[in-house]
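Worksheet: the structure to be examined is printed underneath.
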Amino acid sequence: MSTNSRGPGSTLFATSDLHISYQENREIVRGLHPRTPDDWLIVAGDIGELVADIEWTLRLLTERFAAVVWAPGNHELWTHPTDPVQLRGVARYRHLVELCRGLGVHTPEDPYPIWPGADGPVRIAPLFVGYDYSFRPAGAATKEQALARAHETGVVCADEYLLHPDPYPSREAWCRARVAETEERLAACDRSVPTVLVNHYPLVRQPTDVLYYPEFAQWCGTTATADWHTRFDTAAVVYGHLHIPRVTHYDGVRFEEVSVGYPREWRRRGDEAPAGLRQILPEVAR
Ligand SMILES: [Fe+2]
Ligand SMILES: [Fe+2]
């Protein structure tokens with residue numbers, strides 16, 4: 001319980017899919033402020049494509065929030081032709097991790113930080129587990145069939161051209177390796193502290209059921225993480241990528257899709273400009 005003598009305590013906020021190559025979204029980032037200097041911020045991927053943009057955003061946020069926790073999105077991992085940094089795959093990811101460390105931002109490669117909530121400590125675990133084409137559209141038994149369906153409908157994620165898995169032979173092989181090492185780390189965590197799992201993609205498939213193009217789900221996660229929210233004492237799951245901000249519950253666990261999304265998307269929702277921050281903890285009644 002928080003008390004007046006201790007003040008309101010720290011709030012854990014989250015955001016994702018800031019996509020700051022859009023000027024309107026860069027303005028949203030400029031408007032992201034904590035409520036108190038003790039507040040933490042989770043950034044669940046897709047800040048942008050250019051390393052300089054990612055650095056600009058994270059630097060600004062670390063100057064405002066007591067702690068910033070980052071998990072990579074697919075856009076950060078693109079090797080975009082206009083980025084002076086042309087690193088690919090794991091080398092690009094490691095470069096971004098070092099950039100974060102230089103700014104004091106927590107990454108999936110660091111010890112999971114403990115958020116000092118007024119109601120008790122909570123572990124914040126930024127994850128990077130990727131996708132493996134296992135969220136296939138109905139009737140597609142293999143990755144090849146799923147991809148063929150996507151090409152037929154014209155809904156092909158740009159990752160196919162820009163997100164390189166080097167030195168892994170494929171994005172799904174990179175995903176398999178990430179799942180194995182992440183699972184091991186989570187299993188080794190002290191169970192007396194609950195965990196907020198943060199991943200760019202939803203850890204379960206159900207959130208993708210409402211996608212306008214079901215073929216897109218194959219780029220949105222992996223069935224290998226389907227029970228993580230029940231296996232690892234989970235206070236909440238934070239994700240983005242779908243650009244469908246909402247709150248759902250699976251097996252009694254709260255899943256928060258916290259994306260800002262593209263200007264055309266938030267305008268379609270009727271938002272003049274989205275506030276950009278979602279309160280994760282303490283949990284707010286909705
Ligand atoms: Fe996104
Ligand atoms: Fe994404």
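In this text, all values refer to a predicted model and were calculated from it rather than measured experimentally. In listed order, ligands and their atoms are each counted from 1. One-based numbering along the sequence shown.
- The main-chain N or O of Thr223 is found under 3.5 Å from a side-chain atom of Ser134 such that the two form a donor-acceptor pair.
- Its N, O or S atom nearest to the Fe ion (ligand 1) is what matters here, and for His19 that atom is NE2.
- The atom of His241 nearest to the Fe ion (ligand 2) is ND1, with the search restricted to N, O or S atoms.
- The Fe ion (ligand 2) does not have Tyr201 among its coordinating residues (no N/O/S atom, backbone or side chain, under 2.8 Å).
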For this session: For the pair Arg171 and Tyr133, evaluate side-chain hydrogen bond (donor to acceptor under 3.5 Å, both in side chains) and give the outcome as yes or no after the intermediate values.
Result: CA-CA 9 Å; Arg171 281 172 292 277; Tyr133 304 85; 3.0 Å; yes
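- The angle His243:NE2 - the Fe ion (ligand 1) - Asp17:OD2 amounts to 90°, with values rounded to 10 degrees.
- Within Asp46, the N, O or S atom at minimum distance from the Fe ion (ligand 2) carries the name OD2.
- Its N, O or S atom nearest to the Fe ion (ligand 2) is what matters here, and for His200 that atom is NE2.
- The pair Arg92-Glu76 does not count as a salt bridge, with every side-chain nitrogen at least 4.0 angstrom from each carboxylate oxygen.
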Problem set entry | Verdict with reasoning, Arg149 to Gln218, per side-chain hydrogen bond (donor to acceptor under 3.5 Å, both in side chains) | CA-CA 11 Å; Arg149 185 77 62 80; Gln218 62 193 296; over 6 Å; no
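- Counting non-hydrogen atoms of neighbouring residues, nucleotides and ligands closer than 6.0 angstrom, the CD atom of Gln86 exceeds 12 such neighbours.
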